[in-house]
Amino acid sequence: MNNTINYDKVRELHMAVKKQDPSNFIEHVINKDLEENKNDGRVHTRFPPEPNGYIHIGHAKSICLNFGIAENYQGLCNLRFDDTNPSKEDVEYVDSIKEDVRWLGYDWDDRLYYASDYFDRLYDYAGQLIRKGLAYVDDLSPDEIREYRGTLTEPGKESPYRSRSAEENALLFEKMKAGEYKDGSKVLRAKIDMASGNLNMRDPVLYRIQRGTHHRSGDKWCIYPMYDFAHPISDALEGITHSICTLEFEDHRPLYNWIVENIDIEGDSRPKQIEFARLNLSHTVMSKRKLRQLVEEGHVRGWNDPRMPTVSGLRRRGYTPESVKDFCERIGVAKGNSMVDLALLEHCIRQDLNNNAPRVMTVLRPLKIVFENYPEGQVEMLEAENNPEKPETGSRQIPFSKEIYIEKDDFLEEPPKKFFRLAPGREVRLKHAYIIKCKEVIKDEQTGEILELRCTYDPETKSGTNATVRKVKGTLHWVSASHAIDAEVRLYNHLFVKENPEEQGADFKDNLNPDSLEILPACKVESSLKKAAVSSRYQFLRKGYFCVDPDTTEEKLVFNRIVSLKDTWAKLQKNK
Ligand code: ATP
Ligand code: MG
């Protein structure tokens, strides 16, 4: 990997174009920088995930923001793996992150970087600081370092090792690298100010000794740079102009600037750190560490379980990249932390699929109906529109016959007042078909369970014809019994019962929803779904939006419910 950047070439190729209508405070900052002709008119961002897990919807927000800015300004955005911690990182995660960024529709071209590619240079830059008298090797233990740091109200205490000479420090640092000391026995620290009001400036640790095989550099190193040291240098090396990160790094900004200012880097790049509020989503957790726990302890079926807020989970569930991007745009970019309702994300996919998903009929909990007056063995084909929102998608033919299935809960023997579906002696319309009337209920003699209904159909009431049409209140979906295909349908509910699973210091796992997955193994779906491709999405009439799961085989179709039809977000907005 060649990670030496030719800045002249970059400048030549990429002159940013100022945005006319900045849509958030970050774009205002960038516009101002362009007006002041900073960074030679370049706009260059990066998305810097740590490959220690699969990325989630919060990362998607950061991806949309960073790659989106590059698009809006005709600038560039790098993908950089921030892999400075050998113990938790893995190529599996690197690969999944690349796949997820691509799925969202973004492209880093040839700008794929790894912080670990800079290990040699980072080591040299640390040497620079040592020679300038700005860094020293400290023998205090981690506990002592913490003690010496002081608190928000009390200044810290200087380490007794702080006054070592540059020569001594250089020698010790070299020996640290050579593996002469035990893990944790020494660190390299910046020499800044133990009395600073900002704890991050009280001689922060730059390097630690930590043996462990790194997913790229193997066993070459036993010392690893800290994020606060590696990140600003990686940004500067790549010519990043705007280093966008989440709010918890606000207090680290003076250190970021201190590193950039005190290190002599080729290209003279001066990246600027800008912080925004991270996305918090209701009814879920959003930290790779916690998501990994859910996977490893078997609370979900994997990182891409459709209940997970990971990008791969959303993809498997049936979310489209467009809906995820739409969501990220609607929530905007803010300076204050807040919690976004999951219902908004669901609203976005509903909007997308309302326009784009073909309609089909399926029965999730089947109840058989036999038509007493329909000829044995007869089948007729009826016309069904594919998508009323898009008449140009045309229609298909669906079979009607003597035996059909309807949903169990569309029939009640003793219907309450506002129940307009089927009941003994009542009429309802079958979608795309006829008006039918319930004549008789057949039950299991022992258990009283309803086994099937005997009905009649009225041949004069075929949908779409000019035949005399009576008004009936209910319209039901159905499938022809002998034509329908068996399918398994998986229904998902919130992964956590509480809006904030960690409210009041709760252990998030105590708030897992025991009913987050419901499997319906014996559903009946219309025959047009026979060849439905994995990942294709449909509206099951009256039931919601569904997506074909990769568990589907020749023998068995498997669907995930993406969302139900009930749009709680739209309702909330209306009542405001
Ligand atoms: P996590 O604890 O979930 O792993 P992280 O911040 O440690 O989060 P990184 O891989 O270091 O994860 O993050 C890569 C980028 O994504 C960073 O710039 C980070 O600020 C951003 N990011 C992470 N979580 C969110 C979030 N919830 N909302 C917006 N941006 C986020
Ligand atoms: Mg992190």
Side-chain angles (χ1 to χ4, degrees), residues 24-26 44-70 77-85 87-90 92-98 100-101 104 106 108 113-116 215 225-228 230-232 234-235 238 240 242-253 256 271-295 303 308-314 324-325 327-340 342 344-345 500-502 508:
N24 57 53
F25 77 94
I26 297 177
H44 200 152
T45 55
R46 86 285 171 264
F47 171 62
E50 186 183 353
N52 60 345
Y54 283 59
I55 52 174
H56 50 65
I57 180 90
H59 295 106
K61 174 174 178 175
S62 176
I63 292 167
C64 291
L65 182 59
N66 280 295
F67 281 93
I69 283 174
C77 181
N78 296 357
L79 174 61
R80 180 201 311 142
F81 288 102
D82 182 9
D83 55 351
T84 51
N85 185 349
S87 63
K88 297 179 292 178
E89 297 163 0
D90 200 277
E92 177 195 348
Y93 302 138
V94 168
D95 292 341
S96 73
I97 293 171
K98 288 201 252 180
D100 290 347
V101 175
L104 283 169
Y106 295 111
W108 51 88
Y113 299 105
Y114 293 85
S116 56
H215 75 113
M226 304 300 287
Y227 172 91
D228 280 334
H231 206 82
S234 306
D235 283 343
E238 292 173 20
I240 300 304
H242 299 88
S243 177
I244 300 167
C245 62
T246 36
L247 276 183
E248 67 272 22
F249 290 101
E250 198 166 16
D251 291 343
H252 295 237
R253 192 182 340 131
Y256 182 100
K272 176 191 277 185
Q273 177 180 304
I274 306 173
E275 310 86 15
F276 73 102
R278 65 195 298 122
L279 165 65
N280 298 306
L281 196 59
S282 73
H283 301 284
T284 192
V285 291
M286 277 231 271
S287 130
K288 287 189 229 112
R289 190 176 54 79
K290 290 175 193 146
L291 296 174
R292 169 144 25 99
Q293 244 176 299
L294 295 178
V295 174
W303 282 99
M308 290 279 270
T310 50
V311 173
S312 53
L314 294 171
V324 174
K325 282 175 158 176
F327 170 74
C328 292
E329 209 154 281
R330 284 174 193 242
I331 56 179
V333 182
K335 260 284 183 195
N337 279 317
S338 64
M339 167 92 76
V340 176
L342 190 58
L344 175 58
L345 180 61
N500 176 4
E502 289 162 297
F508 69 102

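Because the structure is a prediction, the values reported are computed rather than measured. Note that ligands are numbered from 1 as they come in the structure, with each ligand's atoms numbered from 1 the same way.
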Distance-only N or O hit between ligand 1 and [X], under 3.5 Å:
{"X": "Leu279", "result": "yes"}
{"X": "Glu248", "result": "no"}
{"X": "Thr246", "result": "yes"}
{"X": "Lys61", "result": "no"}

Would you say [X]'s side chain and [Y]'s backbone share a donor-acceptor pair under 3.5 angstrom?
{"X": "Gln273", "Y": "Phe249", "result": "yes"}
{"X": "Thr310", "Y": "Trp303", "result": "yes"}
{"X": "His56", "Y": "Met286", "result": "yes"}

Taking 4.0 angstrom as the limit and counting only heavy atoms of [X], give me the atoms of ligand 1 inside it, by number and element.
{"X": "Pro48", "value": "14 (C), 18 (O)"}
{"X": "Pro49", "value": "10 (O), 14 (C)"}
{"X": "Phe276", "value": "29 (C), 30 (N)"}

Look at ligand 1 and say whether His56 reaches it with a heavy atom at a distance under 4.0 Å.
yes

Is the shortest distance from a heavy atom of Phe249 to ligand 1 less than 4.0 Å?
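False for this residue.
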
Does Arg46 come within less than 4.0 Å of Glu238, counting only side-chain N to carboxylate O?
no

As an exercise, state the distance from OG of Ser116 to CG of Asp82, rounded to the nearest 0.5 Å.
9.5 Å

Can you classify the ring geometry of His231 versus Tyr256 as parallel (below 30°), tilted (30 to 60°) or perpendicular (above 60°)?
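Tilted, since the angle between the ring planes falls between 30° and 60°.
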
Would you indicate which of Glu50, Arg278, Arg80 comes nearest to atom 8 (O) of ligand 1 when only heavy atoms are counted?
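Closest candidate by heavy-atom distance is Arg278.
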
Under 3.5 Å, is there a donor-acceptor pair linking the side chains of Glu50 and Tyr93?
no

